[in-house]
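Okay, structure first, notes after.
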Protein chains: 2
Amino acid sequence: MAMQLRGVDAAFRLNRLRHAGLPTTFATMDKQAKGTRKDRAAFKADEVKVDLIAFVVAVNDNEPCVLTIGQADTLPSGPFALEHRSLQSGLRGWVEQQTGHPLGYIEQLYTFADRDRIGSERRQRAISISYLALTRKEQAAASRKCGWRSWYEYFPWEDHRFGTPPVLLDVLRPRLIEWAGGAADAATRRERRQRAATAFGFDGRHWNEDLTLQRYELIYEAGLVQEAGSARDATRPSLVPSKSMVADHRRIVATGIARLRAKIKYRPVVFELMPQSFTLLQLQRTVEALAGRLINKPNFRRLIEQQELVEETGETSVDTGGRPAKLYRFRHAVLDETPIVGTKLPVARG
Amino acid sequence: MAMQLRGVDAAFRLNRLRHAGLPTTFATMDKQAKGTRKDRAAFKADEVKVDLIAFVVAVNDNEPCVLTIGQADTLPSGPFALEHRSLQSGLRGWVEQQTGHPLGYIEQLYTFADRDRIGSERRQRAISISYLALTRKEQAAASRKCGWRSWYEYFPWEDHRFGTPPVLLDVLRPRLIEWAGGAADAATRRERRQRAATAFGFDGRHWNEDLTLQRYELIYEAGLVQEAGSARDATRPSLVPSKSMVADHRRIVATGIARLRAKIKYRPVVFELMPQSFTLLQLQRTVEALAGRLINKPNFRRLIEQQELVEETGETSVDTGGRPAKLYRFRHAVLDETPIVGTKLPVARG
DNA sequence: ACCCCTTATAGTCAAATGGATTATAATTGG
DNA sequence: CCAATTATAATCCATTTGACTATAAGGGGT
């Protein structure tokens with residue numbers, strides 16, 4: 001396998017193995033890690049390169065988009081260098097240089113170790129730190145070799161706004177069933193079916209839009225996607241129809257989508273993607289684009305209003321095609337107020 | 001300031017500044033970041049050192065504990081080296097070597113750039129990757145120079161199980177009010193009061209146990225805590241009574257507590273901290289220890305049962321002091337089933 | 001044996017929340 | 001003026017959730 005399996009849920013999966021009594025990394029751990037804290041300065045071999053990678057999001061015409069560079073499907077990135085004052089400022093610098101796009105909201109996603117790069121003289125370790133960034137397309141200053149592409153070109157099974165995507169039932173389901181059935185023992189087969197059903201909402205289960213990363217990892221594990229630059233055998237006839245990305249960038253995007261979909265439910269981050277003033281329907285359409293599913297209109301409005309996230313500007317928008325809609329703006333004060341909504345513990349009050 | 005302000009919410013705070021029209025990192029960004037992707041291999045200056053730091057958690061006698069090493073209050077850590085097969089295996093190696101403790105569940109917390117270390121010949125960049133790990137004390141093999149310390153020695157204001165901690169109202173509140181009032185302009189004063197009230201539940205607001213990191217950052221920003229090794233002026237007479245840690249380890253712990261408190265509400269991670277079989281009250285006490293607040297007993301049992309997280313072992317425990325309690329064990333199958341509980345979007349079904 | 005204390009377990013009830021639906025208002029375009 | 005389209009308000013009902021009460025089952029002392 002040309003790529004390493006990793007991701008946010010790797011620890012979780014590993015843990016499942018542990019409970020099942022199977023050997024884990026922990027059991028087979030390399031014992032040769034020597035040296036005390038004092039020794040650190042003596043080693044030069046410990047030095048590694050650090051890459052910063054950005055998953056930049058904007059919603060254009062109700063389509064959630066990722067910022068890419070070059071002809072290939074590549075995320076903006078660059079090495080963390082001495083000139084950078086911080087990781088974030090390094091990331092901003094690279095993105096602005098490569099795309100001409102200034103970033104607003106930034107959030108760290110995940111740090112992972114790349115597979116060893118064999119340098120000219122010695123082994124070279126590399127680490128990638130990925131980030132999620134939110135902006136608006138208009139902020140782009142006459143872009144260079146970069147462009148906005150819809151998420152759903154890379155993840156066609158993730159868009160449920162117009163009903164269940166055909167690819168899900170026509171392609172993914174049979175192939176995942178096939179993959180599950182290909183396992184050696186019955187327990188693994190059942191476990192694979194279980195995982196696929198939960199992640200994709202098969203067998204009458206509900207679709208959960210937050211499981212984007214689990215779904216990608218499942219598809220990847222089943223060998224149904226192929227990324228550019230990986231040297232996989234070409235014997236496998238047909239993969240799931242979707243755009244691939246360079247290296248493991250598609251996994252980073254999946255991580256970012258999952259994070260963002262989860263986050264819009266408890267923090268007011270959507271407004272980073274909105275213009276200064278907007279109608280409630282525009283806001284709803286943006287959330288729907290991110291979540292990949294439709295939202296009940298009256299209930300959405302009730303939710304927004306009772307949380308007092310927005311305030312009226314006093315103006316109305318007339319290009320709605322029907323009755324003019326009130327324009328709203330985000331109440332920035334909520335960033336200081338926000339008590340974060342939901343608890344799930346039955347706490348004892350008083 | 002001897003330490004850099006950073007953390008999970010740094011992006012959020014930064015963003016608030018942006019909206020308030022203040023200059024930000026983005027605005028003052030260094031423009032000298034040069035070089036294309038092809039140049040990477042040519043630079044040696046870009047190499048950095050990578051440290052792995054572990055926040056290891058166990059709950060001993062209803063007290064949530066952190067694993068520390070040495071006499072000082074230090075988290076297990078060590079450099080990421082060539083011998084390590086992955087970041088996680090490197091972390092496991094260091095923790096086992098320094099504490100003799102094997103790790104089970106591991107989850108990445110945050111990656112940050114340390115302040116520059118001035119090496120003997122040239123500037124040296126360093127990066128720290130922090131992790132959250134869950135275990136049980138019993139797994140410890142006759143420990144070396146390490147020990148378990150209660151979280152609440154470092155964060156006495158976080159334990160609300162036995163009522164509001166005195167330090168909150170007697171020390172923190174007046175000092176935070178003083179800090180808020182010390183701001184130059186009225187807007188900043190109001191914003192500071194607002195933030196403090198939200199984070200600590202002042203002025204009749206509810207206590208939100210998930211805001212551990214925000215609270216620590218606020219206290220830090222107000223100059224009310226001092227960490228070991230920082231060269232702060234000694235003129236400030238009295239700080240908030242609490243144990244400090246080496247470097248920014250206390251911030252890492254705060255990040256981990258916040259993450260864990262949020263996570264137990266939607267993923268069944270508590271069971272990593274439980275023995276094989278346990279009573280429902282033991283489970284409840286463990287959750288209470290982590291959350292730092294009491295839970296309504298009947299409702300907690302209802303929650304556990306309706307989610308089918310556990311199954312009866314058939315045995316009962318008699319050392320409860322009253323009626324014997326049924327013993328339960330975790331249903332590991334839920335790890336494959338779990339559809340993750342809560343949505344907060346008013347989705348349109350059908 | 002009995003009482004009393006402790007904890008376990010089951011059940012009830014009201015309030016709040018959340019999903020779905022219907023009704024009414026204000027525009028544009030023909 | 002009518003039809004189509006969108007905005008906005010209001011209502012209904014099932015489910016969830018917080019708070020509380022009642023009963024069961026043990027141990028320890030007298």
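Every chain is numbered from 1 and lettered A, B, ... according to where its sequence line falls, protein lines coming before strand lines.
- Counting only residues at least two apart or in different chains, salt bridge (Lys or Arg N to Asp or Glu O under 4.0 Å) contacts with residues 148-157 of chain A comprise A:Arg149-A:Glu153.
- B:Phe278 pairs by the ring-ring contact (aromatic ring centres under 6.0 Å, His included) definition with B:Phe271, not counting sequence neighbours.
- In this structure, of D:dT6, C:dT7, C:dA10, it is D:dT6 that holds the atom nearest to the side chain of A:Lys297.
- Here D:dA19 presents its C1' atom at 15 Å from CG of B:Leu294, a figure rounded to the nearest Å.
- If you run side-chain contact (heavy atoms from CB on, under 4.5 Å) between B:Arg173 and each of B:Phe200, B:Phe202, B:Trp157, only B:Phe202 comes through.
- Taking atom CD of residue A:Gln284 and atom C1' of nucleotide D:dT8, one finds them 13 Å apart after rounding to whole Å.
- A straight line from CD of A:Gln282 to P of D:dA7 spans 9 Å, rounded to a whole angstrom.
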Please list, pair by pair, any protein nitrogen or oxygen found under 3.5 Å from a nitrogen or oxygen in nucleotides 25-27 of chain D.
residue, atom, partner, partner atom, Å
D:dA25, O4', B:Arg323, NE, 3.3

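- The ring pair (Phe, Tyr, Trp, His ring centres under 6.0 Å) pairs that include a residue from residues 281-309 of chain B number zero, where partners must be two or more places apart or lie in different chains.
- Note on ring orientation: taking the six-membered ring where Trp is involved, the planes of A:Trp151 and A:Phe55 are tilted (angle from 30° to 60°).
- Comparing atom distances between the A:Pro346 side chain and each of C:dA8, C:dG19, D:dG18 picks out D:dG18 as nearest.
- In this structure, B:Asn299 places its CG atom 12 Å from C1' of C:dG11, rounding to the nearest Å.
- Computed from coordinates, the B:Glu312 CD to C:dA10 C1' distance equals 14 Å when rounded to whole Å.
- Checked against side chain to side chain contact (heavy atoms under 4.5 Å, CB included), A:Leu281 has the following partners two or more places apart in sequence or in another chain: A:Thr279, A:Gln284, A:Arg285, A:Lys297.
- When the side-chain nitrogen and oxygen atoms of A:Lys326 are compared with OP1 and OP2 of D:dA7, none of them lie within a distance under 4.0 Å.
- In this structure, A:Leu280 reaches neither bases nor backbone, as no heavy-atom distance under 4.0 Å exists between it and the strands shown.
- Listed nucleotides: D:dT8, C:dA20, D:dA9. Nearest to the side chain of A:Glu305: D:dA9.
- When rounded to the nearest whole Å, the span between CD of A:Gln306 and P of C:dA16 equals 13 Å.
- Atom CZ of A:Arg301 is separated from atom P of D:dA10 by 12 Å (rounded to the nearest Å).
- Between A:Arg302 and C:dG18, a side-chain N or O to OP1/OP2 separation shorter than 4.0 Å is absent.
- Counting non-hydrogen atoms under 4.0 angstrom, A:Leu303 reaches nothing in the nucleic acid.
- Residues that satisfy the ring-ring contact (aromatic ring centres under 6.0 Å, His included) test with B:Tyr152, not counting sequence neighbours, are absent from this structure.
- Spacing between atom CG of B:Leu283 and atom P of C:dT9 amounts to 13 Å, rounded to whole angstrom units.
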